[in-house]
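Chain letters run A, B, ... following the sequence lines, proteins first and then strands; every chain starts at 1.
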Number of protein chains: 2
Amino acid sequence: MKGKITAARVFHALGDPTRRAIVEKLSKRPLSVSALAGPLGITLTAVVQHLQVLEESGLVRTEKIGRVRTCRAEMTGLSVLERWIAEHRSMWERRFDRLGELLDEAD
Amino acid sequence: MKGKITAARVFHALGDPTRRAIVEKLSKRPLSVSALAGPLGITLTAVVQHLQVLEESGLVRTEKIGRVRTCRAEMTGLSVLERWIAEHRSMWERRFDRLGELLDEAD
DNA sequence: TGGTTACTGAAGTAACGCCTTCAGTATCCC
DNA sequence: GGGATACTGAAGGCGTTACTTCAGTAACCA
């Protein structure tokens with residue numbers, strides 16, 4: 001464990017196209033580091049660096065067996081995002097409720 | 001209109017801490033450019049640049065009246081995000097369903 | 001009208017982030 | 001054991017991007 005999973009972390013992680021591609025691949029099926037690197041056209045090293053970010057933001061879980069590291073999608077990060085969105089959506093809607101009341105009173 | 005609102009765009013927009021701060025302030029109440037810049041401790045110019053990104057990703061809408069530009073939170077961007085998350089969550093869950101079936105057959 | 005306020009646009013700088021190379025280490029297979 | 005495979009870690013290059021300064025323009029106000 002490297003630290004708490006925050007919306008900030010998840011947004012930053014998914015802000016990068018390559019990392020989104022990795023997450024998309026992994027939501028279909030678990031893959032090794034090499035299996036990820038090949039199609040993406042980048043080095044193993046680059047993939048590992050992305051995986052670090054993705055693990056720290058709760059979007060991916062990895063497990064090394066023998067010499068191959070298997071990577072899977074994880075839901076924690078997405079749940080944190082959903083929560084963040086819900087909170088902000090509700091703040092926004094509360095504003096509209098108040099606006100409605102004001103308009104009603106204005107009559 | 002500058003282009004289509006994609007999840008890629010929204011993730012990139014919210015990947016930046018300052019832009020998240022702007023969105024958070026605006027979901028509470030509409031604000032002018034100066035009212036945003038002050039508390040953030042950055043110049044008007046910087047704020048305007050962020051607003052451009054936020055508008056293009058459907059997270060903020062702005063309207064200039066006289067010499068003051070008023071900025072408001074918009075839901076479009078968040079909806080696109082929610083859709084992206086839902087899709088990926090369902091891909092992930094489908095994987096688990098299939099895994100269950102395979103385990104059943106294995107008996 | 002003249003001064004202040006609010007923003008806009010161009011251009012430069014400095015930091016950050018993605019990716020690479022290279023030099024390991026550990027595991028698998030013959 | 002020896003060679004191939006799969007990854008790991010440090011260090012550097014380089015392109016992007018967030019922010020700044022400066023020089024405007026437009027609106028408001030006295």
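- Contact annotation: B/K64 reaches the phosphate of C/dT8 (side-chain N/O to OP1 or OP2, under 4.0 Å).
- For the atom pair B/L51 CG and B/R61 CZ, the distance stands at 13.0 Å (nearest 0.5 Å).
- What separates CG of A/D16 from P of C/dC16 is a distance of 17 Å, to the nearest Å.
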Going through the checks in order, is the side chain to side chain contact (heavy atoms under 4.5 Å, CB included) test met by A/H50 and A/D16? CA-CA 9 Å; A/H50 284 307; A/D16 178 74; 3.4 Å; yes

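- Under a 3.5 Å cut-off, the side chain of B/R9 and the backbone N or O of B/S57 do not form any donor-acceptor pair.
- Comparing atom distances between the B/H12 side chain and each of D/dC19, D/dT17, C/dC18 picks out D/dT17 as nearest.
- With hydrogens and angles disregarded, no donor-acceptor distance shorter than 3.5 Å links the side chain of A/R19 to the backbone of A/L14.
- Checking D/dA27, D/dC19, C/dC19 against every side-chain atom of B/R67, the shortest atom distance belongs to D/dA27.
- Checked by atom type and distance alone, the side chain of A/R69 never pairs as donor or acceptor with a backbone atom of A/V33 at under 3.5 Å.
- Atom-to-atom, CD1 of A/I22 to P of C/dC18 comes out at 11 Å; the value is rounded to the nearest Å.
- Rounded to whole Å, the distance from CD on A/Q52 to C1' on C/dG17 is 14 Å.
- Distance A/L51 CG to D/dG9 P: 13 Å, rounded to the nearest Å.
- As a whole-Å value, the separation of A/I65 CD1 from D/dT5 C1' is 17 Å.
- Considering only side-chain N and O atoms, A/H50 lies nowhere under 4.0 angstrom from the phosphate OP1 or OP2 of C/dG17.
- Within a heavy-atom distance below 4.0 Å of DNA chain C, the residues of residues 39-49 of chain B found are B/L44, B/T45, B/V48, B/Q49.
- Applying the 4.0 Å criterion to OP1 and OP2 of C/dC18, one finds that A/R19 has a side-chain N or O inside that range.
- From B/E74, atom CD reaches atom OG1 of B/T62 across 10.0 Å, with rounding to the nearest 0.5 Å.
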